[in-house]
Amino acid sequence: MSADASKPPLLGTAREWTIDLSVAVVIGILLGLMGPFGSFFNDGPAVRVAYWVCSVAFGMVLFGTLTRLGAAGARRLGLPDWAALAPVILVGTVLLGAPLRLFAIAFWPGVIEAVPLAAWFGQCLAISTPLVVGSYVLRGRQAGEGPAPPAPALSLTSAPSEAAPSADVSHVLYLKMEDHYVRIRTEHGSRLEMGPLARVTAMLTGVEGLQTHRSWWVARRAIAGVERDGRNLRLRLVDGETAPVSRASVAKLRAAGWLADDAE
């Protein structure tokens, strides 16, 4: 296997955070000039902009962290990334609302009487929801999860680091998504390829394999056995890993002869 340093950071790259915080500053400036939720009548534009830029930047850091952790947790449970959005928004709103209220009171003490606590958290929820959903959609597009133009042919021989393997596609055992990257596991090690799983699997011509889950593709020769836990199935692989099998993929794998007839 390749070194852990080749794995994309769980909490995102410096470039991703630079983009997130830059967007937060722009949104904060716009909100400061617009003055939503009655803040237009609080002091001049400079003070409002300062408040909103700090507030949105703090929210971006909080929700950016929660979103990445939530997506990683969802993938470990075999769920799509978006399954974490609702709990992330609710938890983040609670964590965000309290310090921001104290911050606003420091600017404008009258907030205590003017905005009840329930209304305050409702405002936080109203701002947080589109920001979190919008950030998720944009990050997915940046990673190429949507339709993408034809990409250069996959090359497993031009390794990005000394730890990466040197092998052709016939040696691929399985692919799995890790954040916005695809982990390509071969007989000799592994490497990362940025992009959607579908683009990488499309390049594996001549290799007998199937997509077993939205985030996994497995070569047939990599299978050492099948594990069952109630109605849940996992493929035991030759390197000790286990690949999840989605319920939608069970019939496909059974038809290909990968599962016993009694597999549910």
Side-chain angles (χ1 to χ4, degrees), residues 1-4 6-8 10 68-87 140 143-146 154-157 159 163-264:
M1 298 289 283
S2 61
D4 290 342
S6 65
K7 187 173 182 177
L10 174 63
R68 290 172 170 90
L69 292 176
R75 286 193 294 271
R76 288 180 64 87
L77 296 174
L79 301 173
D81 291 2
W82 55 259
L85 290 183
E145 293 176 358
L154 173 65
S155 173
L156 298 183
T157 58
S166 176
D168 58 40
V169 295
S170 65
H171 295 153
V172 173
L173 298 176
Y174 59 81
L175 312 174
K176 66 173 179 176
M177 291 297 301
E178 295 183 5
D179 199 6
H180 303 313
Y181 297 80
V182 177
R183 171 73 64 182
I184 303 171
R185 180 69 165 93
T186 73
E187 296 174 352
H188 309 290
S190 71
R191 60 159 290 182
L192 294 173
E193 181 83 11
M194 187 170 185
L197 183 65
R199 178 170 66 80
V200 181
T201 56
M203 300 170 189
L204 298 177
T205 56
V207 181
E208 184 181 6
L210 291 172
Q211 185 165 346
T212 65
H213 185 271
R214 67 182 298 273
S215 59
W216 280 79
W217 178 96
V218 178
R220 181 164 188 167
R221 61 191 182 82
I223 300 174
V226 178
E227 298 178 354
R228 296 174 175 80
D229 180 12
R231 298 191 62 184
N232 297 321
L233 296 179
R234 300 183 70 87
L235 300 178
R236 189 171 67 255
L237 307 179
V238 293
D239 66 343
E241 273 273 21
T242 56
V245 178
S246 67
R247 292 185 181 180
S249 300
V250 171
K252 176 176 63 177
L253 269 62
R254 185 187 296 118
W258 290 27
L259 303 176
D261 291 339
D262 62 343
E264 297 184 4

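Hydrogens, waters and symmetry mates are skipped; everything else that's a heavy atom, side chains included, is used.
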- Task: Output the distance between atom CD1 (Ile184) and atom CG (Leu204), rounded to the nearest 0.5 Å.
- Result: 7.5 Å
- Are any non-hydrogen side-chain atoms of Val226 and Leu235 less than 4.5 angstrom apart? yes
- Could you tell me which residues satisfy side chain to side chain donor-acceptor pair (under 3.5 Å) with Thr201, sequence neighbours excluded, listed by chain and number? none
- Does Lys252 reach the side chain of Gln211, with side-chain heavy atoms less than 4.5 Å apart? yes
- Query: Taking all non-hydrogen atoms of both residues, which atom of Val172 and which atom of Ala219 are closest, and how far apart?
  - Reply: O-CB, 3.5 Å
- Check whether any side-chain heavy atom of Asn232 sits under 4.5 Å from a side-chain heavy atom of Arg247, and report yes or no. yes
- Message: Give me the atom names and distance for the closest heavy-atom approach of Pro244 to Arg234.
- Response: CB-NH1, 3.7 Å
- Query: With a 4.5 Å heavy-atom cut-off, do Arg185 and Leu175 have their side chains touching?
  - Reply: no
- Query: What is the minimum heavy-atom distance between Leu173 and Arg221, and which atoms define it?
  - Reply: CD2-NH1, 3.6 Å
- Query: Between atom CZ of Arg220 and atom CG of Leu253, what is the distance when rounded to the nearest 0.5 Å?
  - Reply: 9.0 Å
- Task: Enumerate the residue pairs fulfilling ring pair (Phe, Tyr, Trp, His ring centres under 6.0 Å) with a member in residues 215-235, sequence neighbours excluded, ordered by first and then second residue.
- Result: Tyr174-Trp216
- Message: Using a 3.5 Å distance criterion without hydrogens, assess whether the side chain of Ser215 forms a donor-acceptor pair with backbone atoms of Lys176.
- Response: no
- Message: So which atom in Ser249 and which in Thr212 form the shortest heavy-atom distance, rounded to 0.1 Å?
- Response: OG-O, 3.3 Å
- Distance-minimising heavy-atom pair for Val200 and Glu193: CG2-CG, 4.0 Å
- Message: Test side-chain contact (heavy atoms from CB on, under 4.5 Å) on Leu192 and Arg183; report intermediate values, then the result.
- Response: CA-CA 5 Å; Leu192 294 173; Arg183 171 73 64 182; 3.6 Å; yes
- Message: Strictly distance-based, threshold 3.5 Å: is any side-chain N or O of Arg199 a donor or acceptor partner for the main-chain N or O of Met194?
- Response: yes
- Message: On a heavy-atom basis, which atom in Thr242 and which in Glu227 lie closest, and how many Å separate them?
- Response: CG2-OE1, 3.7 Å
